[in-house]
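The structure under discussion appears below in the form of structure tokens.
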Amino acid sequence: MPFKMQGEPPEKKRFKPACVANIDLDANKWSWLSKAIVPPAPNAVMCDFDWSCSSWMCVDVETHDLAPRSHEHGWVDGTFGHKRLKYDDALVRRLRAIQLGWTAGDISSGQPPVTKTRLVKPSGFVITEAATEIHSIKHVDAVDGGCDLSEVLAEFLGDVQNLVRAGGRVCAHQLEFDAAIIDAELGRCEAGVELKQVWREAARGGLCTMNPVLTAWCCESYRRTVDRYGDGEKNRDMPCALGAVAWTLVPPCQELRAKDHDAGNDSCVGWLVVSRLHHHVRSAFAAPV
């Protein structure tokens with residue numbers, strides 16, 4: 001057993017993560033959701049976003065290389081009508097998708113969402129070691145076990161079409177980032193104009209949970225939460241990462257973060273986040289004045 005030197009600070013308590021298959025996502029058993037510490041939604045959250053939809057698909061993409069860093073603070077309007085950080089959009093569009101995950105479900109149905117995860121076979125590019133350190137996907141594994149990109153996109157866009165036809169919407173944490181990568185990959189696959197338009201319209205009508213208004217609301221609670229758990233991130237700059245927002249809105253889903261940067265896991269966490277945003281805002285609308 002390793003010894004500790006006198007005066008060494010005690011180890012911090014950490015969550016013991018479990019894999020996604022062991023997490024019960026049955027909405028009827030989510031009694032712990034009421035324990036989330038969330039302040040009342042500000043008017044900007046309640047009025048500036050459309051919360052009427054209850055059917056959502058959350059999307060996440062893992063890439064072959066690291067995303068370009070944003071060296072400037074602040075936000076700009078993105079191609080799909082959402083706020084994004086000041087990164088080089090052209091560099092983002094050069095990134096290749098090597099894993100695509102999407103989670104879809106109706107919040108009002110009381111049923112757990114359905115998650116799909118697809119690994120993409122690299123063609124004409126190599127997954128970098130730096131990217132593998134983040135998402136743990138090795139190039140050789142993607143070559144051996146991946147599917148053709150065109151097949152993955154066809155399945156994904158088929159589900160998006162069904163969602164939109166039923167009145168549902170897409171969402172993502174950094175929607176502009178994921179939407180740009182998917183849009184660029186559709187171009188490389190020479191997808192038809194109709195499919196490209198389906199995705200672009202779905203992305204424009206979607207919700208970005210990294211929106212500065214939403215993250216400002218969630219960051220307030222997150223800072224109080226990390227104070228309680230002692231993870232020492234009180235000075236975390238805006239915007240909040242997906243894990244930070246999830247920690248505030250859906251505390252037990254930290255177990256889903258056991259495999260962080262897995263597209264399926266992250267899309268599932270994102271869907272849970274949207275379901276809680278939806279719950280808090282709709283509850284505020286329904287509350288007596």
Side-chain angles (χ1 to χ4, degrees), residues 2 12 14-21 58-73 78 84-103 115-153 155-156 172-189 209-210 231-233 236-237 239-247 253-270:
K12 295 175 182 176
R14 299 282 180 184
F15 287 106
K16 292 182 178 179
C19 65
V20 63
C58 189
V59 182
D60 188 71
V61 180
E62 297 299 331
T63 57
H64 84 293
D65 200 359
L66 300 182
R69 288 185 175 275
S70 175
H71 297 290
E72 296 182 63
H73 294 290
R84 68 167 177 83
L85 298 174
K86 293 181 178 179
Y87 52 71
D88 189 330
D89 190 57
L91 292 180
V92 168
R93 287 177 171 271
R94 292 176 193 166
L95 294 173
R96 304 303 305 273
I98 51 96
Q99 189 186 48
L100 183 59
W102 61 102
T103 296
T115 298
K116 294 183 180 181
T117 309
R118 300 292 181 263
L119 188 63
V120 176
K121 182 179 295 185
S123 177
F125 65 91
V126 175
I127 299 173
T128 67
E129 292 183 3
T132 298
E133 287 182 7
I134 300 296
H135 50 53
S136 302
I137 301 173
K138 297 179 180 178
H139 182 81
V140 64
D141 294 334
V143 170
D144 293 340
C147 302
D148 288 341
L149 177 62
S150 58
E151 295 177 6
V152 174
L153 290 176
E155 181 184 6
F156 169 67
H173 201 72
Q174 296 194 77
L175 180 54
E176 285 286 336
F177 179 85
D178 294 296
I181 293 171
I182 293 172
D183 187 60
E185 292 288 35
L186 285 169
R188 294 186 187 100
C189 290
T209 54
M210 203 173 183
D231 265 18
E233 295 188 46
R236 187 186 184 99
D237 291 334
C240 266
L242 176 60
V245 180
W247 198 344
C253 90
Q254 290 309 307
E255 297 180 5
L256 285 171
R257 305 295 290 173
K259 196 173 182 184
D260 195 11
H261 290 289
D262 172 90
N265 257 32
D266 285 352
S267 71
C268 186
V269 172

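- Distance alone, capped at 3.5 Å, is enough to place a donor-acceptor pair between the Asp178 side chain and the Val61 backbone.
- Residues Ile127 and His135 come closest through the heavy atom pair CG2-CE1, 4.0 Å.
- The two residues Leu95 and Phe177 make their nearest non-hydrogen contact at CD1-CZ, 3.9 Å.
- Here the straight-line distance linking atom NE2 of His261 with atom OG1 of Thr63 works out to 10.0 Å at 0.5 Å rounding.
- In this structure, SG on Cys58 lies 9.0 Å from CG on Leu175, to the nearest 0.5 angstrom.
- Side-chain atoms of Glu62 and Asp266, non-hydrogen and from C-beta on, do get closer than 4.5 Å to each other.
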Item to complete: Run the numbers on Ile137 and Leu119 for side-chain contact (heavy atoms from CB on, under 4.5 Å), then give the verdict.
Response: CA-CA 9 Å; Ile137 301 173; Leu119 188 63; 3.8 Å; yes
Practice prompt. Start with the C-alpha distance between Thr132 and His139, add both sets of side-chain angles, then the distance that settles side-chain contact (heavy atoms from CB on, under 4.5 Å), and finish with yes or no.
Written response: CA-CA 8 Å; Thr132 298; His139 182 81; over 6 Å; no
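- Here the straight-line distance linking atom CG of Asp88 with atom CZ of Arg93 works out to 11.5 Å at 0.5 Å rounding.
- Contact annotation: the side chain of Arg118 approaches that of Glu155 to within less than 4.5 Å [non-hydrogen atoms, C-beta and beyond].
- When every heavy atom of Leu153 is checked against every heavy atom of Cys189, the shortest pair comes out as CD1-SG, 3.9 Å.
- Other residues, nucleotides and ligands place more than 12 heavy atoms under 6.0 Å from the NZ atom of Lys86.
- Val59 places a side-chain heavy atom less than 4.5 Å from the side chain of Ile182.
- With a 4.5 Å cut-off on side-chain heavy atoms, Ile98 and Phe125 count as touching.
- Rounding to the nearest 0.5 Å gives a distance of 12.0 Å between CG of Leu149 and NZ of Lys121.
- Considering all non-hydrogen atoms of both residues, Val143 and Pro122 come closest at N-CD, 3.7 Å.
- Separation of atoms OG1 (Thr117) and CG (Asn265) is listed at 7.5 Å; rounding is to 0.5 Å.
- Taking every heavy atom of both residues into account, Ala246 and Val269 meet most closely at CB-CG1, 3.6 Å.
- To the nearest 0.5 Å, atom CD of residue Glu185 and atom OG of residue Ser150 are 11.0 Å apart.
- Considering only heavy atoms from C-beta on, Asp65 stays 4.5 Å or farther from Arg94 through its side chain.
- Looking only at side-chain heavy atoms (C-beta outward), Leu100 and Ser267 stay at 4.5 Å or farther from each other.
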Practice prompt. Before giving the answer on side-chain contact (heavy atoms from CB on, under 4.5 Å), spell out for His64 and Val126 the whole-Å C-alpha distance, their side-chain angles and the decisive distance to 0.1 Å.
Written response: CA-CA 7 Å; His64 84 293; Val126 175; over 6 Å; no
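- Pairing each heavy atom of Val120 with each of Ala142, the nearest pair is O-CB, 3.8 Å.
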